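Presented below is the structure to which this report refers.
Count residues from 1 along the sequence. Every heavy atom of this structure was used, including side-chain atoms; hydrogens, water molecules and symmetry mates were not. Source: prediction; values computed, not measured.
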Amino acid sequence: MNDILNNIDSLLKYISFTFLIYCTLTYGYKLLAKKKYSIIDFRISIMTLIFVFFKFSLSLLWFYTDMKFNIKNLIVFLIILLGFYSHNKVTEPRKKFLRLFSFYFIGLLLMI
């Protein structure tokens, strides 16, 4: 059971790390180039949030099986959730990209 959880944990770590890198680079570029915010950007940011949530949920499952909980996963999830929530309140595309970029970049740094 622990081997399966360990494999799933490492797979989710790489997937969420890849999504965070992609989002950070894309939103940084679109912020500097003053691009338009589209539905694809929203979908990518929500997919990243979903994978980070799965990583956090698996961390909770680790807590119930081995009594070891990685608090870093909770902090990363909350930061990304805060960034996603705060970007939904803004209508200007530049501010949306700024909020997504900053919070996703902080989450990426903490995940490393």
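Judged purely by atom type and a 3.5 angstrom limit, Thr26 has no side-chain atom pairing as donor or acceptor with the backbone of Cys23. Looking only at distances, no side-chain donor or acceptor of Asn7 sits under 3.5 Å from a matching main-chain atom of Ile4. At distances below 3.5 Å, at least one donor-acceptor pair connects side-chain atoms of Lys96 with backbone N or O atoms of Val90.
Nearest heavy atoms, Val52 versus Met111: CG2-CE, 4.4 Å. Nearest heavy-atom pair, Ser86 versus Phe103, reported as atom, atom and distance to 0.1 Å: OG-CE1, 3.8 Å. Scanning all heavy atoms of the two residues, the minimum distance from Leu100 to Gly83 falls at CD2-O, 4.4 Å.
Linking ILVMFWY residues whenever their side-chain heavy atoms come closer than 4.5 Å, directly or via other members, leaves Tyr85 and Phe56 in distinct clusters. Linking Ile, Leu, Val, Met, Phe, Trp and Tyr residues whenever their side-chain heavy atoms come within less than 4.5 Å leaves Leu32 and Tyr29 in two separate clusters. When hydrophobic clusters are built by joining Ile, Leu, Val, Met, Phe, Trp and Tyr residues whose side-chain heavy atoms come closer than 4.5 Å, directly or via intermediates, Val76 is grouped together with Leu61. Cluster annotation: Leu11 and Tyr14 are assigned to distinct hydrophobic clusters (Ile/Leu/Val/Met/Phe/Trp/Tyr, side-chain heavy-atom contacts under 4.5 Å, transitive). Linking Ile, Leu, Val, Met, Phe, Trp and Tyr residues whenever their side-chain heavy atoms come within less than 4.5 Å places Leu49 and Leu82 in a single cluster.
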Test log, rule side-chain contact (heavy atoms from CB on, under 4.5 Å), inputs Phe17 and Ile112: CA-CA 8 Å; Phe17 189 70; Ile112 295 174; 3.6 Å; yes
Stepwise side-chain contact (heavy atoms from CB on, under 4.5 Å) check, Ile80 with Phe53: CA-CA 10 Å; Ile80 291 174; Phe53 174 73; over 6 Å; no
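A heavy-atom distance below 4.5 Å is not found between the side chains of Phe105 and Leu20. Proximity of Leu58 to Leu12: side-chain heavy atoms (C-beta onward) are separated by under 4.5 Å at one or more points.
Here Leu108 contributes atom CG and Phe101 contributes atom CZ; the two are 9.5 Å apart, rounded to the nearest 0.5 Å. Atoms NZ and NZ, from Lys95 and Lys89 in turn, are 14.5 Å apart once rounded to the nearest 0.5 Å. In this structure, the separation between OG1 on Thr24 and CD1 on Ile106 is 10.0 Å, given to the nearest 0.5 Å. Within the model, atoms CZ of Phe19 and OG of Ser45 stand 11.0 Å from one another, a figure rounded to the nearest 0.5 Å.
Between His87 and Phe84, the ring-plane angle classifies as tilted under the 30° and 60° cut-offs. Relative orientation of the Tyr27 and Tyr104 rings is perpendicular, given thresholds of 30° and 60° on the angle between their planes.
Tested against Ser59, the residues Asn73, Leu74, Ile71 include a single side chain to side chain contact (heavy atoms under 4.5 Å, CB included) partner, Asn73.
Annotation: cation-pi pair Lys30/Phe97 absent, no NZ/CZ under 6.0 Å from the ring centroid and within 45° of its normal.
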